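Structure record follows, encoded as structure tokens.
Computed from a prediction, not measured in an experiment: that's the story for all the values here. Note that ligands are numbered from 1 as they come in the structure, with each ligand's atoms numbered from 1 the same way.
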Amino acid sequence: MDMDEIVCSCLNITNGMIRDAVKSGAKTLEEVQEITGAGTVCGACLDDVKRLIEEFNAE
Ligand code: FES
């Protein structure tokens, strides 16, 4: 996976930023949103953000 790829284009949040949030202890969408804001604007990226959180939690 490309960690520099943007998953949330509203806020320029990359895969790597979601990963960092999960690795710093955020387990849920809500917790990741508190740190990154991903998915809090238009919501179009929510499915992708959720999938990434699951994937990084499983690492
Ligand atoms: S693309 Fe993530 S909130 Fe719009």
Checklist entry - Looking at atom 2 (Fe) of ligand 1, is one of the N, O or S atoms of Cys8 less than 2.8 Å from it? => result yes
Checklist entry - Is it true that some N/O/S atom of Cys10, main chain or side chain, lies under 2.8 Å from atom 2 (Fe) of ligand 1? => result no
Run the salt-bridge test on [X] and [Y] with the 4.0 Å N-O cut-off and return the result as yes or no.
X     : Y     : value
Glu55 : Arg19 : no
Lys50 : Glu54 : no
Arg51 : Asp48 : yes

Checklist outcome for this item: Between the CD1 atom in Ile18 and the CD1 atom in Ile53, the distance rounded to the nearest 0.5 Å is 6.0 Å
Checklist entry - How far does CE of Met3 sit from CG of Asp20, to the nearest 0.5 angstrom? => result 9.0 Å
Checklist entry - Please state which protein non-hydrogen atom is closest to atom 1 (S) of ligand 1 and give its distance, to 0.1 Å? => result Ser9 N, 3.5 Å
Show the atoms of ligand 1 that are less than 4.0 angstrom away from any heavy atom in [X].
X     : value
Cys42 : 1 (S), 3 (S), 4 (Fe)
Gly43 : 3 (S), 4 (Fe)
Cys45 : 1 (S), 2 (Fe), 3 (S)
Val41 : 3 (S)
Gly39 : 2 (Fe), 3 (S)

Item to check | Atom of Leu11, atom of Ala38 and distance for their closest heavy-atom approach | outcome: CD1-N, 4.3 Å
